[in-house]
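Whatever order the structure lists ligands and atoms in, that order sets their numbers, starting from 1. Scope of the values below: all heavy atoms of this structure, side chains included, with no hydrogens, waters or symmetry mates.
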Amino acid sequence: MTMTLAAVILAAGQGTRLKSALPKVLHLLAGRPLVAYALAAAEAVTGQPPVLVVGHGADAVRAALGDRAVYVTQEEQLGTGHAVQQAEAALRGRSEAVLVTYGDMPLLSEETLRALAEAQAGNTGPLTMLSVVSPRLRDFGRVVRGPDGNVRAVVEEAQATLDERRITELNVGAYCFRSDWLWEALPRLPLSPKGEYYLTDIVGLAVAEGGHVAAVALEDEAEVIGVNTRVQLAEAEAALRWRLNEKWMLAGVTLVDPATTYIDPQAQLGRDTRVLPNTHIQGRSVVGQDCVIGPNTILRQTAIGDRCRVECSVLEGALLADEVEVGPFAHLRKGARLERGVHMGNFGEVKNSTLGPGAKMGHFSYVGDATIGAEVNIGAGTVTCNFDGVRKNRTVIEDGAFIGSDTMLVAPVRIGQNARTGAGAVVTKEVPPDSLAVGMPARVIKKAASSK
Ligand code: UD1
Ligand code: CA
């Protein structure tokens, strides 16, 4: 495609039917604001930040999206035609063609927008519109064609005659225009019976001038789900989820129950990984190959290596090397780093800490702000007492140490290589390598720790 292209996304409407204090386009879909989808698709096709027409909740929308869009404000919502007109100052003379889409139609794909722009590049007339044939969908303008099969007009449902209502070819609401013609035609739109300037009336204007209006018919009905109510929001969520889940299954990931598998758009999964029911893989999480994740697991901004097993656990901002086993019932928080072969689970929590290769932490322990060496065994109920009321202090446990059940490690503190602590020890001072510390507060008994 050689023509230069800019995009306008309409997002000034209030979204009254969502019954919300939050502007419609900021409602979350798979964890991202609704409008982010339209922005991403338009930007992918035009190669530049789209012009977003904002009105209701404009400040909140700007704050949420920052420089991903160029903003123009439509002070009063006088219709879709009037909304597009607001972009004229930002775009006139900047591109040969202008793509128009909505901020509340999140599943309209990049491929569809590209097909629309390509059709217009080959059209002698001033515009190409997107249509969908569906006997099921409601609330769409009807595409009226003449006896020669050419598009003549778009009629809104409210104004349609009974015959026109039976038309099953619907106006999606996405268009590609020749720019100079668009800016010249918009001021000529008539006022509708509802007192608005309808962008759809531009089709009739083009035809009256003898211009050819092309229509590209969409294949996948799910792409045109418009979000006006929370019911439709859930419908869009399900359709988007299905689209992503299908992509991962075709890429070699087993989803035992796609209906309860929630994979965010930016997450990545490796081949032959199995995801068990009720699992959420959120944000930019990455899971390697041959893993088993779930059931009942949340991964949030977490990176996992190959051949790992995570069961019934919540992992946030964590990093797992290969062959790590987590859960059931573990909570890994920001900065948790589990090296190869670590096993941790059963009501354990790890924050801002590294567990060295092969370390074991099997039963209800808390490890925070700690560096734990290779092959360390953390006994049941061990706690790093990292907070003294003022600051967070570090615990260091060197390779091969054995921490007895219910040990309190009062940080800052260091346990030497191959040292041991007795059950119930309250460790307030350094324990040298190869020694044993017992009691409250723990005393070091000068003898070799173990025969290990
Ligand atoms: C519009 C089309 C209809 C099409 C349908 C598809 C018109 C007149 N009708 O109807 O043919 O089938 O979309 O969904 O265009 N908006 C503004 N400013 C305004 C009015 C609307 O920014 O003054 C935005 C809304 O926020 C929304 C989009 O434009 O994102 C569509 O507006 P909406 O009122 O929902 O149009 P429909 O009545 O659905
Ligand atoms: Ca709508």
Side-chain angles (χ1 to χ4, degrees), residues 7-18 20 22-27 29 33-39 41-42 50-58 61 69 71-87 99-108 112 127 129-134 136-144 151 153-160 164-165 167-175 177 186 189-205 213 215 217-218 221-229 232-233 235-236:
V8 178
I9 298 172
L10 307 188
Q14 185 166 18
T16 323
R17 286 185 283 160
L18 280 171
S20 176
L22 191 69
K24 181 205 266 198
V25 291
L26 293 185
H27 278 256
L29 186 69
L34 211 49
V35 68
Y37 295 87
L39 272 183
V51 172
L52 194 64
V53 182
V54 291
H56 282 280
V61 175
Y71 304 90
V72 299
T73 309
Q74 186 191 23
E75 299 292 350
E76 249 189 306
Q77 276 73 64
L78 297 177
T80 46
H82 180 259
V84 175
Q85 224 177 339
Q86 310 310 306
L99 204 57
V100 175
T101 64
Y102 297 159
D104 60 2
M105 216 173 252
L107 280 101
L108 205 58
T112 296
L127 80 116
M129 59 184 291
L130 196 63
S131 71
V132 63
V133 176
S134 169
R136 181 186 74 94
L137 295 171
R138 304 273 93 209
D139 293 333
F140 279 80
R142 305 296 198 272
V143 179
V144 181
V151 174
V154 171
V155 181
E156 291 307 291
E157 184 159 274
Q159 275 99 52
E164 286 167 341
R165 278 185 194 216
I167 296 172
T168 54
E169 187 179 9
L170 311 173
N171 175 34
V172 171
Y175 317 81
F177 297 95
L186 283 171
L189 285 176
L191 202 59
S192 78
K194 268 192 163 174
E196 290 188 7
Y197 297 95
Y198 288 166
L199 183 58
T200 43
D201 285 335
I202 211 165
V203 172
L205 285 184
V213 176
L218 195 69
E221 233 183 66
E223 283 202 34
V224 308
I225 296 173
V227 176
N228 299 304
T229 65
Q232 289 165 329
L233 185 62
E235 202 187 326

- Could you say whether the N/O atoms of Ala12 and ligand 1 ever approach to under 3.5 Å? yes
- Query: Does any N or O in the side chain of Arg165 come within less than 3.5 Å of the main-chain N or O of Glu157, such that one atom is a donor and the other an acceptor?
  - Reply: yes
- Can you find an N/O atom of Gln74 closer than 3.5 Å to an N/O atom of ligand 1? yes
- Query: Are any of the N/O atoms in Gly141 less than 3.5 Å from those in ligand 1?
  - Reply: yes
- Glu156, any N or O under 3.5 Å of ligand 1 N or O: yes
- Sequence-distant partners of Ser20, side chain to side chain donor-acceptor pair (under 3.5 Å), two or more places apart: His27
- Query: Which one holds for Lys24 and ligand 1: side chain close, backbone close, both close, or neither close, with close meaning a heavy atom under 4.0 Å?
  - Reply: neither
- Which one holds for His82 and ligand 1: side chain close, backbone close, both close, or neither close, with close meaning a heavy atom under 4.0 Å? neither
- Query: For Gly13, is at least one N or O under 3.5 Å away from an N or O on ligand 1?
  - Reply: yes
- Message: Holding to side chain to side chain donor-acceptor pair (under 3.5 Å), I want the full list of residues that pass it with Glu235, two or more places apart in sequence or in another chain.
- Response: none
- Strictly under 4.0 Å, does any heavy atom of Glu76 approach an atom of ligand 1? no
- Note on the structure: Logged contact type for Ser192 with ligand 1, heavy-atom cut-off 4.0 Å, is neither
